[in-house]
There are 2 protein chains.
Amino acid sequence: MTPVFAHGNLRLYLLSLLAESPRHGYELIQALSERFGGTYSPSAGTIYPRLSKLEAEGLVTKTSDGRKTVYEITDAGRAELAARESELGAIEDEVTDSVRRLADEVRAGVNEAMRSLRADLASAAREAKRGRPADREHTSDVHPTPRQDSNAAVRDAEVVLNDFRQQMRTDLRSRAARGGLQDAVVAQLRHELAQVRANVLGTLK
Amino acid sequence: MTPVFAHGNLRLYLLSLLAESPRHGYELIQALSERFGGTYSPSAGTIYPRLSKLEAEGLVTKTSDGRKTVYEITDAGRAELAARESELGAIEDEVTDSVRRLADEVRAGVNEAMRSLRADLASAAREAKRGRPADREHTSDVHPTPRQDSNAAVRDAEVVLNDFRQQMRTDLRSRAARGGLQDAVVAQLRHELAQVRANVLGTLK
DNA sequence: GGCTAACTCGCGATATATCGTGTTCCTGGA
DNA sequence: TCCAGGAACACGATATATCGCGAGTTAGCC
C-alpha cells in the first residue's frame with residue numbers, strides 16, 4: 001500500500017498543525033482527517049510514534065492532562081518549521097493527490113460486495129457444526145455478485161419470519177411481566193406454528 | 001443504527017467464548033469477527049466495558065500479562081452459562097440476521113461515492129484560504145434474583161419460536177434452491193403468521 | 001394494574017500506546 | 001562514485017480503556 005505521506009512529510013505536517021495551536025494526539029488525527037475531506041484518517045500507529053520522536057528531538061513538548069496528552073511546539077520546532085516552510089504547499093498537494101487515488105481505488109473495489117455472502121457462509125458452517133441440516137444454498141456461488149435478485153423471495157421470507165418472532169417475543173414477554181404466562185399458551189403457539197408449516201409445505205408441493 | 005446484539009445478548013455470548021478458552025479483549029473481538037464472517041467487528045468500546053462488568057459480577061477473572069489482559073471464566077460464570085445455554089442458538093441466528101441486513105444496507109449505500117469529491121472540495125478550500133492556489137433476550141440480571149418460574153414459559157416460547165423459524169427457513173431455502181420460491185408463498189406465510197399472532201393475543205386477553 | 005424514573009446495555013467516538021512490515025533515505029567504505 | 005547496510009519512516013495491526021447517546025428493561029410508587 002502506497003503511503004499517503006512520503007518519507008518525512010508527516011513529521012513536518014504535524015509540526016505545522018501544532019504551530020497553529022497545541023493539540024493532543026487524537027485531535028491531530030481529526031485535524032488531518034478534516035483537512036483532507038475525511039478521506040484520509042491516519043491511524044494512531046502513525047501519529048503517536050511520530051509525536052514521541054518529535055518530543056525526543058525537542059521540537060515539541062508533551063503535557064499530560066488527565067486522559068489526554070497535549071503536545072505543544074517549541075521554539076526549536078518553530079525554527080525547523082520556518083526553515084522548511086516552502087515544502088508545505090507541495091506536501092499538501094501531494095497528499096491530496098494520493099488521497100484521491102486511494103478513494104478511487106476504494107470506490108472501484110469489490111471489498112464490500114461479499115459481506116453478506118460471508119455472513120451466510122459463517123452461519124452455514126455454524127449450523128453444520130451444530131448438527132443441523134446445513135443449508136448450503138450460497139456456497140456454490142463463486143461470483144461476488146450478490147444473489148439477492150434471484151433470492152429476493154427468500155430474503156422477504158426471512159424478514160417475515162424474523163419480524164414475527166420479534167413481535168411474538170415482545171407480546172409474550174410483556175404478558176409474562178404482568179401476570180403469568182401459562183404453559184397452555186405456549187402449547188397453543190407450538191401447535192399453530194406446526195399447522196402453519198404444514199400449510200406452507202402443502203402449498204410448496 | 002440497530003445494534004447487532006440485543007439487550008444482554010453480548011454478555012452471554014462473551015461468556016460462551018470464554019468458556020471455550022481464556023482470552024484477552026482483542027482476541028474476543030477477533031473471535032466474534034471470525035464467527036460472523038468478518039462482517040461484524042465489535043468495537044473495543046463494546047467489549048471492554050462488558051468484560052469489566054462481568055468481572056465485577058464475578059463471572060470472569062482478569063489477569064494482567066504484560067501488554068495483554070487475559071480474561072478467564074469462573075465457576076459462577078460457567079453456572080450462569082449452563083442455565084441459559086438454550087438461548088445461545090437463538091442469539092447466533094439473530095446476530096447473523098442483523099449482520100446480513102447491515103451488509104445489505106452498506107452495499108446499497110452511497111457512502112463511499114462522495115469521498116474523492118470531498119477531497120477535492122477540501123483542497124479547493126485550502127487553496128482559497130492560502131490566498132491563491134434483536135430483540136430482547138435479557139433476563140439474567142446483575143443481581144442473582146432467582147425467578148426462573150415466571151421465565152420458564154417464556155424460555156419455552158422462545159425455543160418454540162426459534163425452532164419454527166429455523167425449520168421454515170430450511171424449508172424455504174431448499175425450495176428456492178431447486179425451482180423458484182413464489183412471492184405468493186411468502187405472502188401466505190405472512191398472512192398465516194399474522195393470524196397466529198392474533199389468535200395468541202386473543203387467548204392472552 | 002399502570003406509569004415513570006432509574007438503571008442497564010450495545011456501541012461508536014474518544015484517547016493512547018506498541019509492534020512488525022515494507023519502503024525510503026543516508027552514510028561510510030570500496 | 002557507487003552501493004550496501006542500517007537508520008528512519010509511514011502505516012496497519014495489535015492492545016486497552018473511558019464517555020455519552022439512544023434504546024431497552026426494571027423496580028417502585030400510586
Side-chain angles (χ1 to χ4, degrees), chain A residues 1-14 23-33 40-57 62 64-71 91 94-95 98 102 166 169-170 173-179, chain B residues 1-14 23-30 32-33 40-57 62-71 91 94-95 98-99 102 134-143 145 147 150-151 154:
Chain A
M1 199 72 75
T2 317
V4 169
F5 275 92
H7 211 77
N9 285 358
L10 174 62
R11 188 186 113 110
L12 192 58
Y13 202 87
L14 282 179
R23 290 177 160 98
H24 57 264
Y26 193 76
E27 266 180 324
L28 286 166
I29 291 174
Q30 288 176 124
L32 273 158
S33 181
Y40 169 69
S41 277
S43 76
T46 300
I47 300 301
Y48 290 103
R50 205 74 349 246
L51 287 174
S52 297
K53 212 69 202 293
L54 284 171
E55 197 210 352
E57 294 171 54
K62 180 159 77 167
S64 206
D65 170 28
R67 199 150 79 97
K68 303 173 187 183
T69 306
V70 177
Y71 291 86
I91 290 178
E94 254 173 70
V95 170
S98 304
L102 237 56
Q166 310 275 81
R169 267 184 162 174
T170 306
R173 247 173 213 294
S174 71
R175 175 64 194 191
R178 92 185 72 108
Chain B
M1 198 73 74
T2 318
V4 169
F5 275 92
H7 205 80
N9 283 1
L10 175 63
R11 180 178 176 271
L12 191 59
Y13 203 86
L14 283 179
R23 291 176 157 98
H24 56 266
Y26 194 76
E27 266 180 322
L28 286 166
I29 291 173
Q30 289 176 124
L32 271 158
S33 181
Y40 168 70
S41 278
S43 76
T46 299
I47 299 303
Y48 289 104
R50 206 73 349 245
L51 287 174
S52 297
K53 212 70 200 297
L54 285 171
E55 198 210 354
E57 293 171 52
K62 180 159 79 168
T63 313
S64 206
D65 171 29
R67 198 150 79 98
K68 303 174 188 183
T69 306
V70 177
Y71 292 86
I91 290 178
E94 264 170 63
V95 170
S98 304
V99 146
L102 237 56
D135 31 332
R136 38 282 77 187
E137 204 75 2
H138 109 31
T139 327
S140 115
D141 23 23
V142 185
H143 317 289
T145 318
R147 66 161 126 63
S150 76
N151 274 352
V154 176

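Order of the sequence lines fixes the chain letters, A, B, ..., with proteins taken first and strands second; residue numbering starts at 1 for each chain.
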What is the distance, rounded to the nearest whole Å, between atom CG of A:N9 and atom C1' of C:dT24?
12 Å
Rounded interatomic separation in angstrom, taking CG from B:L14 and P from C:dT8:
18 Å
Examine the base of D:dT16 for any acceptor or donor lying under 3.5 Å from a partner atom in the side chain of B:R67, and report the outcome as yes or no.
no
Where does DNA chain D form stems of at least three consecutive Watson-Crick or G-U wobble pairs, each pair having both distances below 3.5 Å?
C:1-30 with D:1-30
Per atom distances to the A:P49 side chain, the nearest of C:dG10, D:dT16, D:dC11 is D:dC11
Are the charged groups of B:E57 and B:R11 less than 4.0 angstrom apart, N to O?
yes
Nearest 0.5 Å, what's the CZ-OG1 distance between B:F5 and B:T46?
10.0 Å
Considering every strand and a 4.0 Å limit on heavy-atom distances, what is the contact class for B:G25: base, sugar-phosphate, or nothing?
sugar-phosphate
Could you state the interatomic distance from NZ (B:K53) to CG (B:L14), rounded to the nearest 0.5 Å?
13.5 Å
Separation of B:T69 OG1 from B:E55 CD (nearest 0.5 Å):
10.0 Å
CD1 of B:I29 versus C1' of C:dC11: gap in Å, rounded?
12 Å
What is the distance, to the nearest angstrom, from the CD1 atom on A:I47 to the P atom on D:dG12?
11 Å
Regarding B:T69, tell me which of base, sugar-phosphate or nothing describes its non-hydrogen contacts under 4.0 Å with the strands shown.
sugar-phosphate
Position toward the 5' end of DNA chain C (nearest nucleotide), A:Q30 or A:G45:
A:Q30
Measure from the side chain of B:L10, starting at C-beta and using heavy atoms only, and say which of C:dC11, C:dT16, D:dG12 lies closest.
C:dC11
Between D:dA8 atom P and A:R50 atom CZ, what is the distance in whole Å?
10 Å
Picking from C:dC11, D:dA8, C:dA13, which would you name as closest to the side chain of A:H7?
D:dA8
Working for side-chain contact (heavy atoms from CB on, under 4.5 Å), residues B:L51 and B:L28:
CA-CA 10 Å; B:L51 287 174; B:L28 286 166; 3.8 Å; yes
For B:E94 and B:N9, what are the C-alpha separation, side-chain angles and deciding distance, and is it a side-chain contact (heavy atoms from CB on, under 4.5 Å)?
CA-CA 10 Å; B:E94 264 170 63; B:N9 283 1; 3.6 Å; yes
By nearest nucleotide on DNA chain D, pick out whichever of A:G8 and B:E27 is the more 5' one.
A:G8
OP1 or OP2 of D:dA15 less than 4.0 angstrom from a side-chain nitrogen or oxygen of B:H24, does that happen here?
yes
Look at the side-chain N and O atoms of B:Y40 and state whether any lies under 4.0 Å from the OP1 or OP2 oxygen of C:dC11.
yes
Minimum-distance nucleotide (side-chain atoms of B:K53 versus C:dA13, C:dA17, C:dC9)
C:dC9
Looking only at atom types and distance, does a side-chain atom of A:S52 sit under 3.5 Å from a main-chain N or O of A:Y48, one as donor and one as acceptor?
yes
With sugar-phosphate meaning primed atoms plus P, OP1 and OP2, does A:F5 contact a base, only sugar-phosphate, or nothing at under 4.0 Å between heavy atoms?
sugar-phosphate
Roughly how many Å is it from OH in B:Y26 to C1' in C:dT16, rounded to a whole number?
15 Å
Determine the contact category for A:P42: base if any of its heavy atoms lies under 4.0 Å from a base atom, sugar-phosphate if only primed atoms, P, OP1 or OP2 are that close, otherwise nothing.
nothing
Walk me through whether A:I91 and A:L10 qualify under side-chain contact (heavy atoms from CB on, under 4.5 Å).
CA-CA 9 Å; A:I91 290 178; A:L10 174 62; over 6 Å; no
Within the pair A:S43 and D:dG12, is there a side-chain N or O less than 4.0 Å away from OP1 or OP2?
yes
Looking at the side chain of B:Y48, which of C:dT16, C:dC9, D:dA15 is the nearest nucleotide?
D:dA15
What's the CZ-C1' distance between B:R11 and C:dT8, to the nearest Å?
11 Å
Measure CG/A:L51 against C1'/C:dT18 and give the value in whole Å, please.
14 Å
side-chain contact (heavy atoms from CB on, under 4.5 Å) against B:K68, all qualifying residues, sequence neighbours excluded:
B:H24
Quick one: is B:K68 getting a side-chain N or O under 4.0 Å of the D:dT14 phosphate, OP1 or OP2?
no
